[in-house]
Amino acid sequence: MKNERKIAWVCLIIAGLIEFVWGYFLKESHGFSEVGPAILAVIFIAASFFLLERAVRVFGIGMSYGVFTGLGIAGTSIIGILALGESISALKIISLIILMTGIVGIKFCDGKEEGKGAEEK
C-alpha cells in the first residue's frame, strides 16, 4: 500500500507539471488554428488527466485535484512570466509562494489522513 501511495504521488506531481505544458501549447495553438501545437495540447491534456485519475484512486478527488490545479496554476504562471512575457509583481510572487506552501501543506496532511482513516475502519 505504501508503494501505491508513492506511485500515486509521482503520478500526481507529473500530472500537475504536464498541466502547464498543455497550457503553453494551448496558447501557442491560437484557438486551435495551429495544428501542431493543438495536437500537442490535446495529447498533454489526455496524459495529465490519465495521471490525475491514478492519483484520485488513492487520495480521492479533493486532495488530488487541489494539488493538480495548484501545481498547474503555479507552473502556468511561471511559464507565462518567463516565456510569454506576462507581467510580474511582488503580489504575484507572494501569491505563488502562498499557493506552493498550501500544496506542501496538503502533502503533510496526507499521512495524517491515512492514520485517521485506518482508525475509523
Side-chain angles (χ1 to χ4, degrees):
M1 186 74 163
K2 192 168 186 155
N3 194 35
E4 182 182 20
R5 295 180 74 75
K6 286 180 184 179
I7 292 170
W9 270 111
V10 169
C11 288
L12 185 55
I13 291 168
I14 292 171
L17 296 175
I18 290 174
E19 187 178 11
F20 67 82
V21 173
W22 68 253
Y24 172 78
F25 284 116
L26 194 61
K27 167 109 168 95
E28 293 299 306
S29 76
H30 302 286
F32 286 100
S33 63
E34 300 288 329
V35 177
I39 290 171
L40 288 171
V42 171
I43 289 169
F44 282 108
I45 288 168
S48 70
F49 279 95
F50 172 79
L51 292 168
L52 173 62
E53 190 278 330
R54 297 284 312 262
V56 168
R57 283 189 234 167
V58 175
F59 302 125
I61 190 68
M63 192 204 61
S64 298
Y65 194 67
V67 171
F68 172 76
T69 56
L71 288 173
I73 291 166
T76 304
S77 296
I78 292 167
I79 292 297
I81 291 167
L82 297 177
L84 301 174
E86 293 182 3
S87 66
I88 186 170
S89 67
L91 183 57
K92 188 180 274 189
I93 298 297
I94 291 167
S95 298
L96 287 171
I97 291 169
I98 291 169
L99 177 67
M100 295 309 295
T101 302
I103 292 169
V104 171
I106 288 173
K107 165 56 178 131
F108 287 116
C109 292
D110 175 48
K112 294 175 185 169
E113 289 175 355
E114 181 183 20
K116 181 180 178 185
E119 293 169 3
E120 292 175 355
K121 292 181 182 179

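The basis for the numbers below is simple: all heavy atoms, side chains too, and nothing from hydrogens, waters or symmetry mates.
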Nearest non-hydrogen partners of [X] and [Y], listed with the distance:
X	Y	value
Leu71	Ile103	N-CD1, 3.4 Å
Ser64	Leu12	O-CD1, 3.3 Å
Trp22	Ala41	CB-O, 3.7 Å
Ile18	Ser48	CG2-CB, 3.7 Å
Gly72	Glu19	CA-OE1, 3.2 Å
Ala8	Ala55	O-CB, 3.7 Å

Looking at Phe50, I'd like to know if its CZ atom is crowded, meaning that more than 12 non-hydrogen atoms belonging to other residues, nucleotides or ligands lie closer than 6.0 Å.
no
Counting only heavy atoms not in Phe20, do more than 12 sit closer than 6.0 Å to its CZ atom?
yes
Cluster overlap [X] with [Y], hydrophobic side-chain contacts below 4.5 Å:
X	Y	result
Ile43	Phe68	no
Ile39	Val21	no
Leu96	Leu82	yes

Just verifying a value: how many Å separate [X] [atom1] and [Y] [atom2], rounded to the nearest 0.5 Å?
X	Y	atom1	atom2	result
Ile78	Ile88	CD1	CD1	9.5 Å
Glu28	Ser33	CD	OG	10.5 Å
Cys11	Glu53	SG	CD	9.5 Å
Leu91	Ser95	CG	OG	4.5 Å
Ile73	Met100	CD1	CE	10.5 Å

Please evaluate residues Phe25 and Ile45 with respect to the criterion side-chain contact (heavy atoms from CB on, under 4.5 Å), reporting the C-alpha separation (whole Å), side-chain torsions for both, the decisive distance (0.1 Å), and the verdict.
CA-CA 10 Å; Phe25 284 116; Ile45 288 168; over 6 Å; no
For Lys92 and Ile81: C-alpha separation, side-chain torsions, deciding distance, then whether side-chain contact (heavy atoms from CB on, under 4.5 Å) applies.
CA-CA 10 Å; Lys92 188 180 274 189; Ile81 291 167; 3.6 Å; yes
Go through the steps for Val58 and Met63 under the test side-chain contact (heavy atoms from CB on, under 4.5 Å), then give the verdict.
CA-CA 10 Å; Val58 175; Met63 192 204 61; over 6 Å; no
Residues Glu4, Ile7; criterion side-chain contact (heavy atoms from CB on, under 4.5 Å); working and verdict:
CA-CA 5 Å; Glu4 182 182 20; Ile7 292 170; 5.8 Å; no
I want to check something: taking the side chain as every heavy atom from C-beta on, are Leu26 and Phe32 in contact at a cut-off of under 4.5 Å?
yes
